[in-house]
Asks: 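Below: one structure in structure tokens.
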Amino acid sequence: MAFKEGIDLNSIAYFNGKFMPLREASINIMTHAFQYGTGIFEGIRGYWNENEKQMYIFRMKEHYERLSQNAKLLRLELDKSADELCQITVELMQKNNPNCDMYIRPNVYKAGIIVGPSLLNTNGKNPTAFSLCTMPMGEYVDISKGLHVCVSSWTRVEDNAIPARGKIQGSYVNTAFAKTDALLNGFDDAIVLSGDGHVSEGSAMNLFMVRNGKLITTQVTDNILEGITRDTIIELAKKELSVETEIRQIDRTELYICDEVFFCGTGAQVSPVTMIDHRAVGNGKTGQISKQLQEIYFNVVKGKNTKYKKWCTGVF
Ligand code: PMP
């Protein structure tokens, strides 16, 4: 079955413990998570491998493990294990039966129909719900050419305010501010700093920089989401290119003088950045290390590299 990019309301979703058409998977307007952003989510990709007629879901277990950890942060009572969530996801994908690259969106959220921001489930009045849907997705940003980005005037949410590592629904207002202003100002995307002025990450992706042949990424204590793609890149750079990644704070102005910058994330994949705040990164073209990592990454996620097939769950 061929799909068009975007959300198809006739596709099958998983909601309230059942498979049903997405158009029927609706919440009440007084739902706690809708009122207060009290939920968490994940973004997972499935890659269609045309030769094998197979859909590979990339590092699905790790996404559900992160979801389970983040559920603890918000006192969400997720009653399914990462393995059970993987099974439901595979079953949903089979039901939708796509033959193109897909995006998978699980949510765990406070489903009480109540007023008041507490996360407590007093008298069972604010239970936890789980929902899941899938949609065709190509590139999240145009990765064929380098991105021209800005350093945002919006700073990343602080760990003691809304922890960025939590992938909390409400915290994406921060992402929306940074991304929207970047687009309105003619940039492709934004880099956000933490409150103390160090580089945190992209609007919804992690950031790597190359300086003097060294690969460097920001540390988890600089208000980043602990990205699964970030972890993948660190491992691929080491094993495939013999390049170690240095994890440390990055100053804003290092971005202006370094040799290469790229974003990475489930949505962003590996996206070279060639211009920051109207300054060329390196020679203004996609750098060598970024290009190599991009190539390696795409082979791995599509299940074409047997060494990393452990990360790819076949659906069919
Ligand atoms: N940072 C933020 C704020 C994100 O939303 C994402 C996308 N999930 C990432 C980083 C990248 O994380 P991952 O590689 O796990 O998708």
Side-chain angles (χ1 to χ4, degrees), residues 37 39-47 56-70 73 82 85-86 89 101-108 135 137 139-141 143 147 149 151-152 154-159 161-180 182 189-195 198-209 217-237 245 247 250 261-271 273 293-294 296-298 300-301 308 311-312:
I40 55 172
F41 66 104
E42 274 300 323
I44 311 171
R45 268 193 192 258
Y47 287 92
Y56 286 115
I57 305 181
F58 190 61
R59 301 195 74 176
M60 175 166 55
K61 180 94 184 270
E62 288 90 331
H63 280 279
Y64 282 126
E65 281 166 353
R66 183 169 69 187
L67 189 77
S68 301
Q69 283 174 7
N70 290 337
L73 266 180
L85 294 169
C86 287
T89 305
D101 291 347
M102 296 292 282
Y103 188 70
I104 301 160
R105 171 53 59 85
N107 274 275
V108 185
M135 67 207 75
M137 186 189 264
E139 312 309 351
Y140 172 77
V141 284
I143 52 174
L147 301 176
V149 310
V151 173
S152 184
W154 297 97
T155 56
R156 183 49 95 216
V157 277
E158 289 289 330
D159 193 57
I162 310 179
R165 73 164 46 75
K167 210 160 170 59
I168 295 168
Q169 291 168 354
S171 76
Y172 277 72
V173 171
N174 179 248
T175 296
F177 281 148
K179 177 92 183 187
T180 306
D189 218 295
I191 293 168
V192 284
L193 307 178
S194 57
H198 289 103
V199 176
S200 180
E201 56 180 350
S203 64
M205 52 282 242
N206 293 125
L207 179 144
F208 282 75
M209 158 179 95
T217 194
T218 55
Q219 49 194 33
V220 294
T221 46
D222 277 330
N223 300 315
I224 68 168
L225 180 74
E226 297 179 12
I228 290 160
T229 318
R230 174 181 178 274
D231 181 72
T232 304
I233 293 294
I234 292 171
E235 185 162 339
L236 293 178
T245 302
I247 298 172
I250 296 179
V261 171
F262 62 88
F263 288 140
C264 73
T266 298
Q269 305 174 109
V270 178
S271 307
V273 175
L293 283 170
Q294 202 179 42
I296 296 165
Y297 182 77
F298 278 116
V300 167
V301 294
Y308 300 98
W311 283 339
C312 305

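Model, not experiment: these values are computed from the prediction. All ligand and atom numbering here is 1-based and tracks the order in the structure. All residue numbers refer to positions in the sequence shown, counting from 1.
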Asks: Just jot down the side-chain hydrogen bond (donor to acceptor under 3.5 Å, both in side chains) partners of Gln69, sequence neighbours excluded, or say none.
Replies: none
Asks: How long is the straight-line distance from CD of Gln294 back to CD1 of Ile233, given to the nearest 0.5 Å?
Replies: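 Interatomic distance, Ile233 CD1 to Gln294 CD, rounded to 0.5 Å: 9.5 Å.
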Asks: Among Asp222, Thr218, Val261, which residue satisfies the side chain to side chain contact (heavy atoms under 4.5 Å, CB included) criterion with Ile250?
Replies: Thr218
Asks: May I have a table of the N/O to N/O pairs between ligand 1 and the protein that fall below 3.5 Å, each row giving the two atom names and the distance to 0.1 Å?
Replies:
unit_1: ligand 1; atom_1: 1 (N); unit_2: Glu201; atom_2: OE1; d: 2.7
unit_1: ligand 1; atom_1: 5 (O); unit_2: Lys167; atom_2: NZ; d: 3.2
unit_1: ligand 1; atom_1: 5 (O); unit_2: Tyr172; atom_2: OH; d: 2.5
unit_1: ligand 1; atom_1: 8 (N); unit_2: Lys167; atom_2: NZ; d: 3.0
unit_1: ligand 1; atom_1: 14 (O); unit_2: Ile228; atom_2: N; d: 3.3
unit_1: ligand 1; atom_1: 14 (O); unit_2: Thr229; atom_2: N; d: 2.9
unit_1: ligand 1; atom_1: 14 (O); unit_2: Thr229; atom_2: OG1; d: 2.6
unit_1: ligand 1; atom_1: 15 (O); unit_2: Arg66; atom_2: NH1; d: 2.7
unit_1: ligand 1; atom_1: 15 (O); unit_2: Arg66; atom_2: NH2; d: 3.0
unit_1: ligand 1; atom_1: 15 (O); unit_2: Ile228; atom_2: N; d: 2.8
unit_1: ligand 1; atom_1: 16 (O); unit_2: Thr266; atom_2: N; d: 2.9
unit_1: ligand 1; atom_1: 16 (O); unit_2: Thr266; atom_2: OG1; d: 2.6

Asks: Is a donor on one side and an acceptor on the other found under 3.5 Å between the side chain of Arg156 and the backbone of Glu201?
Replies: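 No: the side chain of Arg156 does not pair with the backbone of Glu201.
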Asks: Only one of Thr229, Val300, Val270 clears side chain to side chain contact (heavy atoms under 4.5 Å, CB included) with Leu236; which?
Replies: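 Only one option passes, and that is Val300.
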Asks: Out of curiosity, Ile191 CD1 to Leu147 CG, how far, rounded to the nearest 0.5 Å?
Replies: 9.5 Å
